[in-house]
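Encoded as structure tokens, the structure appears first; notes follow it.
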Amino acid sequence: MIRKIIIVCLLITCLCAQTATSPSAGDGSESNPYQIASLENLYWIIADTDNLDKHYIQTVNIDASETVTWFDSSGWKPIGKYGDWFTGAYNGKNHIISNLTINREGGYYIGLFGYALDATISNLGLINVDITGSEKVGALIGSNNNSLVYNCYSNGSISGVYDHNMIAKNNDTGGLIGISWFGSKIINCYSHASVNGNSLNTGGLVGKQDQNSMIVNCFSTGRVNGYDSVGGLIGENINNSLVCNSFWDVINSGQEVSAGGYGKTTEEMQTYTTYWQAGWDCDHIWYISNSFIIEYPVIRENADKEILLLTNKIKNISE
């Protein structure tokens, strides 16, 4: 009887444990990226630092529900950290990752990607996330350093928990990205996530933007609560960084201020003319319904083929 109990416990442990499985297709090059077709493939990226500079495409929707049990309930281990940065490219190909859990109170660089440096992350949705960290916390990326992010979105819950042992004591907590800096660009992204930051720099989309970075054609709608430097879209925006043609919902966020962007009522946020008048590409990149169907904008499936990346039009855009 005892032997049977032990066997059952071992089976349960195996079923709940994290497993790294190499992708069955691709070689990680730009022309032949690794194809991520399961949660085990996704976790494989973390398994070896040699994987952090490769190219990836996601070929299916991935349910990450089991991450709630990983690492003694600490959840997902972010891809990339300080010193072992993610420097590659990840294209979600308009797929989603759902039910990702991270419970790393006291942790730095917390998100699906912990630290992205000179990277490109695109065309990916994160649905129903439950993420907790202490420093630089976001659904998609904790720290976005000189990287390009476009056509990405999130919903769920993001929490930056104050850690008394932190020296800087800057949470930098955002619905999509914790901090975006050193020339990073965030284009055509949004977040419906609720965001709670218990120290400095909390925003519905980005906690803090710094050092010549840029947010273009983005929005956020989720509830935002924080201690200091709190904004509906972005908590702090400094050092020649720009927020262009971007919006937040002042009603649902509970925030009338932001370090950048334009506050709109829920009705205005769900109105086509708000975005059309701001110059958004509503024919190729964004789908925004007419007045008969009330909803927020969504990214079209073919947006990846149409977006103008790093052209002079994007580089020279201004308020």
Side-chain angles (χ1 to χ4, degrees), residues 10 13-93 95-104 106-126 129 131-149 152 177-180 182 184:
L10 287 172
T13 300
C14 290
L15 288 172
C16 295
Q18 55 278 359
T19 303
T21 302
S22 60
S24 60
D27 60 16
S29 64
E30 184 176 1
S31 61
N32 187 24
Y34 285 122
Q35 296 185 22
I36 302 300
S38 67
L39 183 60
E40 291 76 20
N41 288 165
L42 189 66
Y43 180 66
W44 177 82
I45 301 174
I46 313 168
D48 190 326
T49 55
D50 287 343
N51 300 334
L52 295 176
D53 63 351
K54 301 301 188 291
H55 291 255
Y56 300 90
I57 59 170
Q58 186 172 319
T59 60
V60 298
N61 295 333
I62 294 175
D63 185 350
S65 296
E66 68 181 65
T67 56
V68 70
T69 67
W70 285 15
F71 296 104
D72 296 324
S73 299
S74 291
W76 175 256
K77 183 179 179 181
I79 301 171
K81 61 183 180 179
Y82 186 83
D84 289 323
W85 303 278
F86 178 76
T87 59
Y90 191 98
N91 188 339
K93 302 294 287 186
H95 292 102
I96 64 171
I97 297 171
S98 58
N99 306 308
L100 184 77
T101 296
I102 304 176
N103 183 24
R104 296 178 180 270
Y108 287 43
Y109 312 116
I110 301 299
L112 173 67
F113 293 86
Y115 203 120
L117 173 66
D118 302 329
T120 299
I121 300 170
S122 60
N123 304 302
L124 180 63
L126 292 168
V129 301
I131 294 176
T132 297
S134 288
E135 177 85 7
K136 297 170 175 54
V137 184
L140 183 66
I141 308 173
S143 179
N144 187 43
N145 188 327
N146 194 36
S147 295
L148 172 64
V149 177
C152 293
I177 294 172
I179 185 170
S180 188
F182 294 106
S184 289

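For the numbers below, each heavy atom of this structure counts, side chains included, while hydrogens, waters and symmetry mates do not.
One N or O on the side chain of S134 and one on the backbone of G106 form a donor-acceptor pair closer than 3.5 Å. Using modelled atom types, one side-chain atom of N41 and one backbone atom of T21 make a donor-acceptor pair closer than 3.5 Å. Between the S147 side chain and the S184 main chain, no donor and acceptor come within less than 3.5 Å of each other. A donor-acceptor pair under 3.5 Å links the side-chain atoms of S29 to the main chain of N32, judged by distance alone.
The CD1 atom of I62 lies 9.0 Å from the CD atom of E40; values are rounded to the nearest 0.5 Å. Here CG of L100 is found 8.5 Å from CG of L39. Values are rounded to the nearest 0.5 Å. The distance from the CD1 atom of I36 to the OG atom of S24 is 9.5 Å, given to the nearest 0.5 Å. With rounding to the nearest 0.5 Å, the separation of CG in N91 from CG in N123 is 4.5 Å. Expressed to the nearest 0.5 Å, how far CD1 of I141 lies from CD1 of I177 amounts to 4.5 Å. To the nearest 0.5 Å, atoms OG1 (T87) and CG (D118) are separated by 7.5 Å.
Nearest approach of T67 to T101, heavy atoms of both residues: OG1-N, 3.1 Å. In terms of heavy atoms, S31 sits closest to P33 at C-CD, 3.6 Å. C152 and I121 make their closest contact through SG-O, 3.9 Å (heavy atoms, listed as atom of the first residue, atom of the second, distance). P23 approaches W44 most closely through the heavy-atom pair CD-CE3, 3.4 Å. The two atoms that bring I110 and I131 nearest to each other are CG2-CG2, 3.7 Å, heavy atoms only. In this structure, P78 and G111 approach most closely via the heavy-atom pair CB-O, 3.3 Å.
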TODO: Report the C-alpha distance between L112 and W76 in whole Å, list the side-chain angles of each, state the deciding distance to 0.1 Å, and finish with yes or no for side chain to side chain contact (heavy atoms under 4.5 Å, CB included).
DONE: CA-CA 8 Å; L112 173 67; W76 175 256; 3.9 Å; yes
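In this structure, Q18 and E66 have side chains that are not in contact, with every pair of non-hydrogen atoms separated by 4.5 Å or more.
Evaluation of the side-chain hydrogen bond (donor to acceptor under 3.5 Å, both in side chains) test over residues 50-64, restricted to residues two or more places apart or in two chains, returns Q58-Y90, D63-S65, D63-N99.
For Y115, the side chain to side chain donor-acceptor pair (under 3.5 Å) partners at least two apart in sequence or on another chain are N145. In this structure Q35 satisfies the side chain to side chain donor-acceptor pair (under 3.5 Å) test with no other residue, sequence neighbours excluded.
Within a 6.0 Å radius of CG in D48, more than 12 heavy atoms belonging to other residues, nucleotides or ligands are found. Counting heavy-atom neighbours within 6.0 Å of F71 CZ, excluding the residue itself, gives a total above 12.
Using a 30° and 60° split on the angle between ring planes, F86 and F113 fall in the tilted class, from 30° to 60°.
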